[in-house]
Each structure stands twice: as C-alpha cells, then as structure tokens.
Colleague: 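Please see the structure below; I have some questions.
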Amino acid sequence: MNSVVYDTLRKKAGGPNFLLFITVVMFFFMYIIGVAIYGSRGFGNVQTLMNMLIDNAGLIIAASGMTLVLITGGIDISVGSLVGLVCMMLASMMELSGVSTSVAITVVLVFGIVFGFVQGWLVSYLKLQPFIVTLAGMFFCRGLTAIISVEQIAIKANETFLALAHKNIYLPFGATMNKRGILLYPFIHPSVLIALAALAVVWYICKYTRFGRSLYAVGGNETSALLMGINVRRTKLFAYILNGFLGSLAGFVFCLNTTSGFVEQARGFEMEAISSAVIGGTLLTGGVGNVIGTFFGVLIKATIETYIRSDGTLSSWWNKIVLSALLCFFIVLQSVFASLKQKKKQ
Amino acid sequence: MNPTTIDYKRVMERVTKGHLFLPVFALALVLLVNLIQTPTFFKISIENGVLYGYTVDIINRASELVILAVGMTLVVASSSGADISVGAVSALAAAVCVRLLGSSYETYAVPLFASVIFCLLTGLVCGSFNGFLVAKMKIQPMVATLILFTAGRGIAQLVSAREINGTMVSGQILYVRMDSFRDIGGFLPGVVVPTPVFIAAGVVLLVHLVLRKTAFGLYVKTVGINSKAGRLVGINSSRIIFLTYALCGLMAGVAGLIASSRIYSSDANNIGLNMELDAILAVALGGNSLGGGKFSLSGSVIGAITIQALTTSLYAMGITADQIPVYKAVVVVLIVSMQSDEFKRWMTVLRAKGSMEKAVTQ
C-alpha cells in the first residue's frame, strides 16, 4: 500500500502537472496561514478573495497571454509597458480628445494586435531572440507613453467608462455582517468577468484546438514540430498576436481599476505576469504550461500582496522581493526537475 | 593600365568588411549631425580649472556605459544572452555604498575606501548570483537576470534607510555631504580631466590586458561559439560563464559607484535606469553578434560612446529623458534585424535574383 503511494508520487513528480500541483497546494497553504494570522482583520472574508480578483483582473489576462508565449518557448517582457501605454492611450483619447468609450477601446485593442504582430513577426520570421525584441518593445511602449503625455491624466468625464469601472455585481453568497448589523454581500467588478472569460477562452484554445496543440508541439521541439507538418512560424506569430491582444485587453482592464494614465504605470507588471505563469508550472524552456496554473500563480501573488496590506508595517518593496524570490525558487525547482528527468533517461 | 589608380571598390570593400566599420561609422554619423546643428560642437575650453565642452561631456557621461558595456560584452560572448539586471545592480551597489558612508558633514561612518570595496563587492555578489543561476542551474540568461532586474531596486529601497524620529525608514534618498566622495564622479583636485574617464579607461585597459595576456579571452570565445567543443578540449565552460557574469556584476558595481558620486546620493529608483538596454545596444552597435562567440571590446567601447553621443544630441533636440527609449528601441530592432542570419539570407537571395534578371535582360 505504502509503495503504491510512493510510486504514484514518484510518477507524478516527473509529470508536467506536478508543478501545478505544488502551486495549488502552496496557494491554499498560504491562504490558510493568512487567515490564521490576519483573520481578525478580515483576511478570511469572501470579499477579500473577491478583492484579490478585482485587483488582479488585468494580471490574469496578461498572464494568460504570457503563458501562450512561454509555451512556444518565447517570452514577452513588453507587456507591462504595453499596459501602461494602453492606459495612457485610453485616458488621453477619452479625456482630452473626447472620443467615445467604444471607439477608444477598439483603437486600443487593434493597437495591441498590431504590436503583437510586429513583435511576433520579428521573432518568428526574422528569428530574433524574443527577449531582445520584447525588451525593445518594452522601451518603445514606455517611451511612446511619455510622448503622449508626461503628466498624469485622470479619467473623470467619461461616464460610460466610469460606470463600467465601478459597477458592483453582488454575489448571492458569502455575506458578512458589519458593525451595524447589516448584511454585506461580496461584490465583483465587470473587469473580473472579462478576466475570467479571457482565462476560459485561452484555456479552451490550449486544450481543445489545433492551434493549442501546435503551441505545445512547437515549444516541445521545434524541429520535430516542423517535421510533423506544423507551420512553426505561423504558430509562433499567432501566439504573439494573441498575446498582444490580451496585453491590450489587460491594459483596458487595468485602466478600469486605476481610471488614469501616467508614465510610470504598471512598471514591473511583465515580471508579475511571467512569475505568475512560472509559479503556475509553465516551463520557461517551452512545451509545458497550463493557464489554470497561471491563475493560481496570480492568486499566490495576490495573497502576498494581501499579507503586506494586512500587516501594515511591511513596505511595498517586499512585494517585489518576495515575488522575485518565489520566481527564483520555482525556476531553480524546474531546472532541478529537468536535470533529474535527463538522468532518468540516461 | 595605369599603376597609380587605386581600386576604390576593393579599398571600400576592405574598409566596410572591417569589424569596427559599423561602430565607427555610426559614431561619425552622430557627430556629423551634431556638428551641423551646433558649430561649436568640438570646441574644448578650460573653465574653472577643468575641461569644458560637448565632447568632454559626452566622454565623461559615457563612462558608466563604457564600463557596463565591457561586462555585457563578456556575458553576451560567453552565454549568448544578455544580463538585464545591470541597472538594478548598480542602483543596489550605490545604495550600499551611500548607506555605509552616512550623511554626516564631518566624517564618514565607514572609511571611503572600505565602502567603495563593499560597493564593488555587492556588485560582485549580485553578478555571482546571476552566474550561478546561468552557469550551474542552466537557466536562460535573461530569465535568470530577470530576478535581480526587479528585486534589485526593491532591495536597494530597503537598504536606503534613514533614521527619522528614532525609527529606520527605508525607501529614502540618502545624501553624502563630504567632498572627497564627489571626486569619484567629478574631478580630482588639480586634474582637468573628469575622474570617471580615468576609471573607465582603467577598467577597459585592465580587462583588455586580462583577455590578451591570459587565455581567458580565448576561453570565452570558445565557450560562446561551441561550449560542447570547449568542454571536449578541457575547458570548464560553466566556470567561464560564471566568471563573465561575476565580472559583469562587478562592472555594474563600479558604474553604480560613479553614478551615485555624480549626484552625491543614492536614488534607488533612478540610478542606472534603462541602462540595461543601452548596454545591450552598445554591444550590438559594436559589431558583436548577440548570438555569442567572437567579440570586440573596442567595438563595444565605441558603441557605448556612440550611444551617449546620441543621447546627448537627442537631449539637445529637446526630447525628454522619458521619450528617448522610443528612438533607441527602434535602433536596437534595426541593428539586431540587420545582424540576423535570416535577413542576410534574404539579402543574398535578392542579390542572386537581381543578377539573374540582369543576365536574362542581357
């Protein structure tokens, strides 16, 4: 009996889902610890969990796109700047030029697709290193944001946008009693619905479409994918285009939360997206990944943030430091697993 | 046949094939544009006992970039990936140095010499961390350095703590009030040339000597071109890669020291900001392939000076610091595209088509 458990564990440890398993366990572990320490400050409330989703709706979308790119064996570090640029574009269009909400959103999404296309073309057709291309893309977007405006622009006049940003959708469960004895139902914003929908679509694409299977094949081994008759270049290009689209959608959702645009917005966001995906079990060498894991990666990041906020004495830099340390831990773990697997083969 | 006619075509071919042609050409182009815009561009005068002029300013400001580019060249050559943490590491090293010095008007809390050593050590430790991840754990260079790229500034914020009302508050901008610290990024008494120029020249000379007089340069090339072959002839490739990253971190420490001395303070958010792109750009502009292998130190140095000249001229055109990355990003993409094998293949195919059409029409 005991050996059966041991055997399954050992088999699982070699499988791609093991990292996902670690992530899920880790999230629940961290959440329970949080409830134990900060439960008196409302850590265990359903609303706290919903706030995690509201605050990280943009990140969920961007990290899903990042997962697609990582599966092909690429990387995108321009996504933070793209989000910042999208916020600035939205803010300047709606606030300064008086463009209607729907037109502004369309322009932004089309821009994301074009941006993704250019990066994808450079990566897949010119065979440039994804890192260099997207590093340049990162600086390009950040600089473009500054060209649009170096001042902060707050969205105040556009009522449709503000209504969309602040609409509370109440959930029928998990109510808490406040001090006056009034039942408060937890709520989410429309941004969460957009994020979950995007997550579901990406999950479906990865799991059930031909394109999704090509992604894994290309990331696993480009040469054999080519021999199998997969159009490697086009698959990579589409991954980047989709990522660009999701990046700009993330920017829109991010803007719903901040309702403003300024130059320094979303700095370091790309790192959060990458670490969410990596913590969620996506291999940086490509071929392995799952957006469900990415979602839990985002939740882990959100839990760390909530720790810091609940504690009140920790400075916000700890967020970046802890997240980087986690990323480091998971990357090293992946590397160890990879070398173990290689030894097993030999 | 007239023997005195020079075969211009062959001379041109030989000149353009040289590995320093692109960097020198780019530098000349930038300087020419500047000369047209500002006729007094090359004027150098002595004011207040120090050299003064556009060119001096460019060479002075380029010092940090030259130092970073030297480290980056080695990293790119050995591991065919870049170190994107250099900016953050220099901010961290600067924060350590300034924190140790303290902000008293009379004395340093820790002797200047010792804090400089600690500053460089910080860089070295960060570089070794990157090197460990890349060389021993076999993680892609840019992903490994991504960790310090974001964590570095966070740690620098934590280090930059100052006592306010009895408690240590981090995330402050710390100042150094003593004059001798300013000499590192300014001028030594009685010397007309800015100190950073000496430091940069010293670093370049030192690394050059190490590469030339020892087998290290050859090893780096071997590992970069084919690490497996390197291993077969008995080179410990992971140690070489580790060393290049450690060196790159050390260089970032030196750059951080100069940068903090220039503003006699440590600013965790802004020291070395966007420097990683500039350093990579310098390496690419220097004619080095970003795919690793052969490298040219002199090319990277010229590349770094070119970029500073470009930055200074963009400032002169009234473009703000926030907007400059747009132009640099476009330049990076163009250079890297032109270097790519795929692009070269297209060009040869186009050329072949052209000559074939010519043959057909004849």
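Proteins get letters first, then strands, A, B, ... in listed order; numbering begins at 1 in each.
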Colleague: Name the region of A:I274, side chain, backbone, both or neither, that has any atom closer than 4.5 Å to a heavy atom of chain B.
Modeller: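 The side chain, not the backbone.
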
Colleague: Among residues 158-168 of chain B, which residues come closer than 4.5 Å to chain A, judged by heavy atom distances?
Modeller: B:L158

Colleague: Got a sec: does the CZ of A:R234 have more than 12 other heavy atoms crowding it under 6.0 Å?
Modeller: no

Colleague: Closest approach of A:S324 and B:T150, non-hydrogen atoms and distance?
Modeller: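 Reported closest heavy-atom pair: OG-OG1, 3.5 Å.
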
Colleague: At a heavy-atom distance under 4.5 Å, which candidate from B:R345, B:K328, B:Q157, B:E276 has the highest pair count against chain A?
Modeller: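 Heavy-atom pair counts peak at B:Q157.
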
Colleague: Taking atom NZ as the centre, does A:K127 end up with more than 12 heavy-atom neighbours from other residues, nucleotides or ligands that are less than 6.0 angstrom away?
Modeller: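 Yes - once you tally the heavy atoms of other residues, nucleotides and ligands closer than 6.0 Å, there are more than 12.
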
Colleague: What part of B:Q140 lies closer than 4.5 angstrom to a heavy atom of chain A: side chain, backbone, both or neither?
Modeller: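 Side chain only.
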
Colleague: If I compare all heavy atoms of A:F139 with all of B:A329, which pair ends up nearest, and what's the gap?
Modeller: CB-CB, 4.2 Å

Colleague: Report which part of B:I155 has an atom under 4.5 Å of a heavy atom belonging to chain A: side chain, backbone, both, or neither.
Modeller: both

Colleague: Under 4.5 Å, counting heavy-atom pairs only, tell me which of B:I139, B:L277, B:L148, B:V336 racks up the most with chain A.
Modeller: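 The answer is B:L277.
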
Colleague: Checking an interface table here. Which of residues 267-275 of chain B come within a heavy-atom distance under 4.5 Å of chain A?
Modeller: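 Listed by number: B:L273, B:N274.
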
Colleague: For a side chain to side chain contact (heavy atoms under 4.5 Å, CB included) check, start with the C-alpha distance between B:I147 and A:I331, then their side-chain angles and the critical distance, and finish with the verdict.
Modeller: CA-CA 10 Å; B:I147 295 167; A:I331 290 175; 4.2 Å; yes

Colleague: Measure the spacing between OG of B:S337 and CH2 of A:W121 and express it to the nearest 0.5 Å.
Modeller: 7.0 Å

Colleague: Mind ranking B:D341, B:L133, B:V326 by heavy-atom pairs under 4.5 Å with chain A and telling me who comes out on top?
Modeller: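 Winner by heavy-atom pair count: B:V326.
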
Colleague: Kindly say whether B:M137 contributes a backbone atom to a donor-acceptor pair with the side chain of A:S335 at under 3.5 angstrom?
Modeller: yes

Colleague: Of the non-hydrogen atoms in B:A151 and A:I321, which two are nearest, and what is the gap between them?
Modeller: O-CG1, 4.2 Å

Colleague: Check this for me: A:F238, atom CZ, are more than 12 non-hydrogen atoms of other residues, nucleotides or ligands nearer than 6.0 Å?
Modeller: no

Colleague: Could you walk me through whether B:F132 and A:V332 pass side chain to side chain contact (heavy atoms under 4.5 Å, CB included), step by step?
Modeller: CA-CA 11 Å; B:F132 173 76; A:V332 171; 5.8 Å; no

Colleague: What part of B:I324 is in contact with chain A, defined as an atom under 4.5 angstrom from a non-hydrogen atom: side chain, backbone, both or neither?
Modeller: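 For B:I324, neither part sits under 4.5 Å from chain A.
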
Colleague: When only pairs under 4.5 Å are counted, which of A:M138, A:K320, A:Q129 shares the most heavy-atom pairs with chain B?
Modeller: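 Most pairs with chain B among the choices: A:Q129.
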
Colleague: Please test B:M142 against A:I132 for side chain to side chain contact (heavy atoms under 4.5 Å, CB included), starting from the C-alpha separation and ending with a verdict.
Modeller: CA-CA 9 Å; B:M142 300 204 218; A:I132 295 279; 4.2 Å; yes

Colleague: Of the backbone (N, CA, C, O) and the side chain (C-beta and beyond), which part of A:I75 lies under 4.5 Å from a heavy atom of chain B, both, or neither?
Modeller: side chain

Colleague: So which atom in B:D322 and which in A:A146 form the shortest heavy-atom distance, rounded to 0.1 Å?
Modeller: CB-CB, 3.2 Å

Colleague: Can you tell me which portion of A:L128 sits under 4.5 Å from chain B's heavy atoms? Options are side chain, backbone, both or neither.
Modeller: side chain

Colleague: Show the nearest heavy-atom pair for residues A:C328 and B:F129, with the distance to one decimal.
Modeller: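 For A:C328 versus B:F129, the nearest heavy atoms are SG-CZ, 3.7 Å.
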
Colleague: Could you check A:F131 against B:I84 for side chain to side chain contact (heavy atoms under 4.5 Å, CB included), going step by step and ending with a plain yes or no?
Modeller: CA-CA 10 Å; A:F131 221 110; B:I84 61 166; 3.7 Å; yes

Colleague: Which atom names give the shortest non-hydrogen contact between B:W346 and A:Y125, and what distance separates them?
Modeller: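 Looks like CZ2-O, 4.1 Å.
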
Colleague: Is A:I147 in contact with chain B via its backbone, its side chain, both, or neither, using a 4.5 Å heavy-atom distance?
Modeller: both

